[in-house]
Amino acid sequence: MTPILHVDMDAFYASVALRERPDLRDLPVAVGGAHRGVVLAASYPARAHGVRSAMPMSRARRLCPQLVVLAPDFELIGSVSRAVHECFRRITPLVEVLSADEAFLDVGGAGRRLGPPEVVAELVRATVHDEQGITCSVGVAATVSVAKLASRLAKPDGVVVVAPEDVPRMLHPLDVGLLYGVGDKTRARLQRLGLRTVGDVARTPRAALHELVGARQADHLLALAWGTDRGELVVGRAPGFGGGEPDSSMGAQHTFGRDVADRDGVLRELLRLTTSVTGRMRGRDLVGRTVAITVRSTDFTTVSRSRTLAEPTDVTREVYETAVALFDALGPQRRAVRLVGVRVEGLGPRGAVHHQHVLGERERGWSEADRAVDRATRRFGGAAVRPASLL
DNA sequence: TCTGGGGTCCTAGGACCC
DNA sequence: TCTGGGGTCCTAGGACCC
C-alpha cells in the first residue's frame, strides 16, 4: 500500500483574488457573478457568515450585506493552477489532476527521497505557499476517497493523516453526504431510510442498498464507506489541466441577463455559443457526431434535445443549423428562455474520420471558411471576425 | 434581480439486429 | 405463431462534481 496525498487549495478562486487585493484579506469576500450568478468561492471570513460556494449570489448578499464580491479572473486562475500543478510534479511525477485546484499525489516513490508522507505533505504545502502565496490542505491515506475526505477534515491550511487501521473509526461517524458521489438528492433518499452516517451505509446489507440506489451506486457506496476504493492513480487525467484523454464532449451555455422571449434573440445566442464550441473543437482537432441543445425556461424547467449526424463534423454552420432545427422542433416557446446551451458529443480526433462520401462542394466551402476565421481570430483576436448576425 | 458554466456518468426505454 | 434473449445505438433526463 502506497500513501496517497490529496492536495486541495483553500478557497482557491478567492485566495487567488486576494493575492491581488491583500487589503481585503480580513474581509468577507466572494468570487462569482454579481448578477444572476452563484458563489464560486468564499473566503473564510465570508464563510463565517454562512456564505458557501454554489450559493446564489443574491442569497450570499442577504446573509452578509458587507460581502465584497469580486469577478473571477480566469486567466490568472489558470496560470496559478498550472504553476501549482508544476509544484506537484517536481515532488513526484505520479500526479493525477482532478481540477484546477485539486490533485492526488502518489508519494510512495518520493518517500525514499523526501521522507514519510506527512513530511512530504508539509513540503507540498510549504512549496505552494512560498511560490504562489496561497494555502492548501492535504489528506493522506491509502486510497483516493479517504485521502480526499482527509483533506477536507484538514481545512483550512492543515494536514490530516489517516492510517489504514483508523479508516472505519474516522469514516463511520461522518455524514453520508460527505461521500464522493452522494449529493443532495441521494443524501435525502438515504436519510429518509434512516441512513445518516457513513457507518449506517457501511452496515446496510448490499442487497438492501441495491434496491435503494441501484446496483452500481450501491457497490460504489459500500466501497467508499469501508475505504476500499482504488489506491492507484491515473497519471495525467483532467484534460486542460495536465494531459489525459481528450474530452468526450464540448459545450457552452449562457444564462441571459434577462429572459428572452423572441426566437431571434435565442438564435443569436445559439450562434454565438456554437461559434465558440466549434472553434475550440477545431483548435484541438476534434470532430463530433451528436449535437445537443439545452433550453431552460423562466420557471427553471429544463429540456434537452439531441440529434446524431451521419458524419462527425466541426463545421460551425452544420452544428448551428442542427441546433436551430432542434430548437424549432420544441415548438413555439410558451415561456421566456432563461438559458440556452449547445454541446457536441461523441468527439474524436479529426484525422481518424474516414469520409464515407467525398466531401461535397458546400461542406468543403464552409469548413474552409471556418478555418479562415480561426486564422484571423488567432491573428487579430476574437472580436475581429464574427458572423454578420452578431455584429 | 434565487438558482453559473464546464464537464462526466448512469438509467431506462425503444429501435433494430442477429 | 402465447411471444427468447442478447447486444448496440439513440434519445431524454437526472445526479453529481468542481
Side-chain angles (χ1 to χ4, degrees), chain A residues 6 8-9 11-14 30-42 52-63 69 71-72 74 77-78 81 97-103 144-145 148 151-152 176-190 210 213-221 224 234 237-241 244-259 269 273 276-277 280 288-310 326 329-330 338-347:
Chain A
H6 179 252
D8 198 340
M9 300 304 129
F12 184 52
Y13 286 23
V31 172
H35 168 87
R36 274 195 158 181
V38 299
V39 175
L40 294 171
R52 297 284 180 272
S53 55
M55 174 182 284
M57 195 59 84
S58 51
R59 172 137 187 262
R61 285 190 203 273
R62 275 200 303 276
L63 285 169
V69 177
F74 289 109
I77 287 162
S81 172
V97 174
L98 288 185
S99 68
D101 72 326
E102 266 182 77
V144 297
S145 80
K148 198 156 154 54
S151 73
R152 220 158 140 160
V176 268
L178 289 173
L179 293 181
Y180 190 84
V182 179
D184 285 345
K185 306 284 179 174
T186 306
R187 178 171 179 267
R189 271 182 81 183
L190 293 170
H210 279 202
V213 296
R216 222 169 172 119
Q217 169 96 320
D219 287 345
H220 174 245
L221 289 184
L224 293 190
V234 183
R237 224 38 171 345
F241 294 112
E245 302 108 60
D247 288 322
S248 67
S249 74
M250 277 190 181
Q253 60 181 48
H254 178 71
T255 297
F256 294 109
R258 298 184 60 170
D259 297 351
E269 186 57 28
L273 295 167
S276 148
V277 171
R280 280 158 57 207
R289 269 187 75 206
T290 302
V291 177
I293 65 163
T294 300
V295 178
R296 176 171 296 155
S297 305
T298 298
D299 64 0
F300 229 71
T301 55
T302 307
V303 296
S304 63
R305 291 292 182 271
S306 66
R307 177 174 300 173
T308 300
L309 309 173
L326 287 167
L330 292 173
R338 179 188 175 91
L339 166 152
V340 292
V342 189
R343 177 160 294 276
V344 181
E345 302 167 351
L347 300 185

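These numbers were taken from a predicted model, which means no experiment stands behind them. Residue numbers start from 1 in every chain, and the chains themselves are labelled A, B, ... in the order their sequence lines are given, proteins ahead of strands.
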Can a side chain N or O of A:His254 be found less than 4.0 Å away from OP1 or OP2 on B:dG4? no

Taking CG in A:Asp184 as the centre, count heavy atoms belonging to other residues, nucleotides or ligands within less than 6.0 Å. Is the count above 12? no

Quickly work out the A:Phe300 CZ to B:dG5 C1' distance and round it to whole Å. 12 Å

Euclidean distance, atom CG of residue A:Leu347 to atom C1' of B:dG6 [Å, nearest integer]: 14 Å

P atom, B:dG14 versus C:dG4: distance in rounded Å? 15 Å

From CZ of A:Arg216 over to P of B:dC9, roughly how many Å is that when rounded to an integer? 11 Å

In residues 338-347 of chain A, what donor-acceptor pairs under 3.5 Å come from side-chain atoms, sequence neighbours left out?
unit_1	atom_1	unit_2	atom_2	d
A:Arg343	NH1	A:Ser249	OG	2.8

State whether A:Thr255 places a side-chain N or O below 4.0 Å from either non-bridging phosphate oxygen (OP1 or OP2) of B:dG5. yes

Taken to the nearest 0.5 Å, the spacing of A:Arg307 CZ from A:Ile293 CD1 works out to 9.5 Å

Using a heavy-atom cut-off of 4.0 Å across all strands, would you classify A:Met57 as base, sugar-phosphate, or nothing? nothing

Whole-Å distance, A:Arg296 CZ to B:dG6 P, equals 12 Å

What contact category does A:Ser53 fall into here, base, sugar-phosphate, or nothing, at under 4.0 angstrom with non-hydrogen atoms? nothing

Classify the glycosidic conformation of B:dC2 as syn or anti, calling it syn when the angle lies within 90° of 0. syn

Side-chain N or O of A:Arg338 less than 4.0 angstrom from OP1 or OP2 on B:dC2? no

Under 6.0 Å from the CZ atom of A:Arg36, do we count more than 12 heavy atoms belonging to anything else shown? yes

Within this structure, what is the CG-CZ distance for the pair A:Leu40 and A:Phe12, rounded to the nearest 0.5 Å? 12.0 Å

Between atom CG of A:Leu326 and atom OG of A:Ser304, what is the distance when rounded to the nearest 0.5 Å? 10.0 Å

Judged by nearest nucleotide, the residue sitting upstream toward the 5' end of DNA chain B, A:Val38 or A:Gly214, is A:Val38

Which residue lies more 5' along DNA chain B, comparing A:Ala34 with A:Leu273 via nearest heavy atoms: A:Ala34

Does any nucleotide pair with C:dG13 by Watson-Crick or G-U wobble geometry, both distances under 3.5 Å, and what is it? B:dC10

For B:dC18, the Watson-Crick or wobble counterpart (both distances under 3.5 Å): C:dG5

Quick one: is B:dC2 close enough that its OP1 or OP2 comes under 4.0 Å of any side-chain N or O from A:Arg59? no

Would you kindly give the CZ-to-P distance between A:Arg62 and B:dT1, to the nearest whole Å? 9 Å

Is any side-chain nitrogen or oxygen of A:Arg61 closer than 4.0 Å to OP1 or OP2 of B:dC2? no

What does A:Gly32 touch in the nucleic acid at a heavy-atom separation under 4.0 angstrom: a base, only the sugar-phosphate, or nothing? nothing

Gap between atoms OH and C1', on A:Tyr13 and B:dG4 respectively (whole Å): 11 Å

How would you summarise protein contacts on nucleotides 11-18 of chain C per nucleotide, using B for base, S for sugar-phosphate only and - for none, with heavy-atom distances below 4.0 Å? SSS-SSSS

Can you find a pair of side-chain heavy atoms, one from A:Leu179 and one from A:His220, that are under 4.5 Å apart? no

Between A:Ile293 (CD1) and B:dG5 (C1'), how many Å, whole number? 17 Å

Reported CZ-to-NE2 distance for the pair A:Arg152 and A:His6, which is rounded to 0.5 angstrom: 10.0 Å

Whole-Å distance between C:dC9 P and A:Arg289 CZ? 9 Å

